[in-house]
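Source: prediction; values computed, not measured. Counting starts at 1 for both ligands and their atoms, following the listed order.
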Amino acid sequence: MVNKESIHRSDILTDRALPFLTFKNGFLEKKDNFKSSKTRDYFKVSDNDWNNWKWQLQNQIKTAEKLKEIFNITQDESEQLIKVSKKYRFAITPYYLSLIQKFKPNDPIYLQCIPQIDELNNVGKIDPMNESQNNPAGTITRRYPDRVILNVTNSCATFCRHCQRRRNIGEKDIYISEVCLEKSVEYIKNHPEIRDVLITGGDPLTLSDSYIENILIKLRNIKTIEIIRIGTRIPVTLPQRITTELITVLKKYSPIYMNMQFNHPLEITPESSRACLDLAENGIVLGNQMVFLKNVNTDYYTLQLLNQLLLKIKIRPYYIFHPKDIIGTKHFSISIEEGIHIYEKLRGNTSGLAIPTYILNAERGLGKIALNKDILKHVNSDGTVILETWEGNKIIKNIWEE
Ligand code: SF4
């Protein structure tokens, strides 16, 4: 029944919503008005070429010289790039590079794809998840009872500067051999308890349609496999790869779940939206696994907007990963305490559909631990807290440390 109290409460809720709405409208207006892409102008290609994923891969930007030509960068910046890329190579699709609005280290796209001098900081571990110690056969990683990861390549359309698997990126692209694929498939066949396979890499969608189909046929021929998942950043960095032909292949091996990694609302473009809607409307179930990255998405409004925009293109926000302790990525780290504070602000301010689970991947491959504000009640005076893995293993974390 309409009454004074309800109207008063409604006014309070409107007041609560207004600051975010102002942010959202301002952000979207600026995004829509951004027209001048130096990258697009530099390449001077037809729409046909630009929208062709093979053209995009053939024209990946991989050298400081090329970036200098496009963005007119200084000698200093160029020397830095060369220094970092000698240790960690880089490659960026023209499309993803074209999303940079300002060629400066406060641009969220720049931060994710342009090598930065901070990467030479040696703090962190090469393989904190112990993936190399959880590899029972072929290119399988096994950390859980009923599911495995099948790594099929180290190649990616764009190498993310925060990548947790940067140790695998190496100096050249490697694709799984037929022999290695057979060994991996044999292992899965011999373990009927495995019902779910995550195909990942690198990025599996850099493989040809026929090779993707080859892998899918082999997996679907295993009677005990119920679910096939694909972990990919292609819809974000090379949405042109989501072609009718690829979707035709994927549809044949349903149910296929695809988890992607949108980290910022600037990545939701007409191209990436079209790719995701095409996938979803053809029965591929989409989820997003964002990573908290300092100065990219560690403010609550950006996070809320990203998750709301994902739902509009039929992607369910699934996980937010706490940054892992990977060597060369320390500059992206935040503390668990900060992460929880940002994350918890979503609660109530937006619907549950737009709230993923915040996850800490326990070191040594011990599995995922959900993080939320309850943890803050059990923190010791020195910032440590005991967390429990799904198997009951206790791990100690300092929630104040980045
Ligand atoms: S797409 Fe994934 S595997 Fe490739 S560089 Fe980015 S995070 Fe790493």
Which protein N, O or S atoms lie under 2.8 Å from atom 8 (Fe) of ligand 1?
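Listed by chain and number, the atoms are Cys163 SG.
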Hey, is [X] close enough to [Y] for a salt bridge, meaning N to O under 4.0 Å?
X: Lys330; Y: Glu402; answer: no
X: Glu391; Y: Arg364; answer: no
X: Asp325; Y: Lys125; answer: yes

Within the 4.5 Å heavy-atom criterion, are Asp173 and Thr206 side-chain neighbours or not?
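No. Closest side-chain heavy atoms not under 4.5 Å.
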For atom 6 (Fe) of ligand 1, state whether the nearest protein heavy atom is under 4.0 Å away.
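Protein heavy atom within 4.0 Å of atom 6 (Fe) of ligand 1: present.
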What about Phe20 and Tyr301, are their ring centers closer than 6.0 Å?
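Between Tyr301 and Phe20, which both carry aromatic rings, the centre distance is below 6.0 Å.
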Measure from the ring center of Tyr358 to the ring center of Phe292 and say whether it is less than 6.0 Å.
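Close enough - the centres of the two rings lie under 6.0 Å apart.
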